[in-house]
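See structure below.
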Amino acid sequence: MDFIPLARPDITPEDIAAAEKVLLSGMLVQGLNVEKLEKNISEFTGCKHTVAVSNGTATMHLALTVLEIGKGDEVIVPAFSYVATANVVELVGAKPVFIDIEPDTFNINASEIEKHITKNTKAIIAVHEFGMACDIEKIASIAKNYNIYLIEDAACALGAMQNGKYVGTFGDFGSFSLHPRKAISSGEGGLVTTRNSDFAKRVKILRNHGIDMVDEKIEFVAAGFNYRLTDFQAALVNNQLKRLEQIIAFKQKLALVYFDQVKNKKITLPFISHGMNHTWQSFHIMLDESIDRDKTIGLLKEKNIGTNYGAQCIPFQKYYRDKYAIDCLKNFPVAMKAYTKGLAIPIYERLTEDNISYIASQLNTL
Ligand SMILES: *Cc1c(COP(=O)(O)O)cnc(C)c1O
């Protein structure tokens, strides 16, 4: 049995040929393939504007910058996510206000949001963790009632929906990542979606050194970033996009094998909320108190299975501990439990149902 890594992107010869064509053309930086990717994503999600950028973190940094969120402002974020969700708030000089998650979905507990809204709250970053939407309908209505912005961190969740509507279309901004741990990948890459034409224009200007056309002349109108995506990366991911729905359907089939075959009472399997589909960026299980998660990672590695913890309790990470000194066990007990007892196990295109059966059988021996 060969080692089964936790994740492995599935780049096909056709994907490579598409990227190679661009490489051989000599036109490497942002160009027609990036434009095509933006059009493809807008068609897929139904969101009017898409801007492709260099990574998922840049998408949120751009969104916060366009919304002019900064010093003195507060942004509500879940306590359990990848650190980038809160780092971008720090990067613009604002303060992340952490909210605990739901124990079954690992998504932000929407009913906890309102009590943390203050006169300084400018935005909510709602994360669709592990590939399933959070209760974004409810969060969108809270944002609307309090007149605050909503950014969806859908880094893991391209193709996820609540009641048939794609994530990335509920908020003022949607944010997606094209990192190799996500469903389709350009190595590094990100996508910003928005309904608002002015926001889209502003994102495009800030992506490219602050360049805009004024009276048919190139002007540098803002102190922008270089957050461009290369054209060969866009070609690579445009080709994968053709099979995104197939990839999601295949992962859903693999998930059913786990649901069918993991019988260990010490393991809690993921939960799919009513009205949601799961795109399975991660298959995230919870181990009970009797099992040491880090030892389990080592044990499964000896059985040729790659696993890892799923996400961080962000306020518990050193930078946030040092800066805010929040008692995480008291304030975010669910996030802390997910951080210490959660385990992401393999689920991706290159695996077979037999691979999953093997992993399930090993989990049953824990
Ligand atoms: C992957 C991920 C990011 C960061 O995306 P990058 O493309 O690696 O910058 C942000 N938030 C969440 C929830 C993620 O899973």
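As the structure is a prediction and not an experimental result, all values here were calculated from the model. Count residues from 1 along the sequence. All ligand and atom numbering here is 1-based and tracks the order in the structure. Excluded from the calculations below are hydrogen atoms, water molecules and symmetry mates; all remaining heavy atoms, backbone and side chain alike, are included.
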Just the distances, no angles: every ligand 1 N or O to protein N or O pair closer than 3.5 Å, one line each.
| unit_1 | atom_1 | unit_2 | atom_2 | d |
| --- | --- | --- | --- | --- |
| ligand 1 | 5 (O) | Ser177 | OG | 3.4 |
| ligand 1 | 7 (O) | Gly56 | N | 2.7 |
| ligand 1 | 7 (O) | Ser177 | OG | 2.7 |
| ligand 1 | 9 (O) | Gly56 | N | 3.3 |
| ligand 1 | 9 (O) | Thr57 | N | 2.9 |
| ligand 1 | 9 (O) | Thr57 | OG1 | 2.6 |
| ligand 1 | 11 (N) | Asp153 | OD1 | 3.3 |
| ligand 1 | 11 (N) | Asp153 | OD2 | 2.8 |
| ligand 1 | 15 (O) | Lys182 | NZ | 2.6 |

Does Lys165 qualify as a cation-pi partner of Phe170, given the criterion of NZ or CZ under 6.0 Å from the six-membered ring centre and within 45 degrees of its axis? yes

Test of ring centre spacing under 6.0 Å for Tyr320 and Phe98: yes

Between atom NE2 of His128 and atom OG1 of Thr105, what is the distance when rounded to the nearest 0.5 Å? 11.5 Å

Can Tyr149 and Phe173 be said to form a ring-ring contact (aromatic ring centres under 6.0 Å, His included), step by step? CA-CA 9 Å; Tyr149 292 117; Phe173 286 103; 8.1 Å; no

Yes or no on salt bridge (charged side-chain N to carboxylate O under 4.0 Å, His left out) for Lys39 and Glu43, after CA distance, side-chain angles and deciding distance? CA-CA 6 Å; Lys39 197 165 149 272; Glu43 272 169 20; 3.8 Å; yes

Identified ring-ring contact (aromatic ring centres under 6.0 Å, His included) partner of Phe283 from the options Phe130, Phe106, Phe259: Phe259

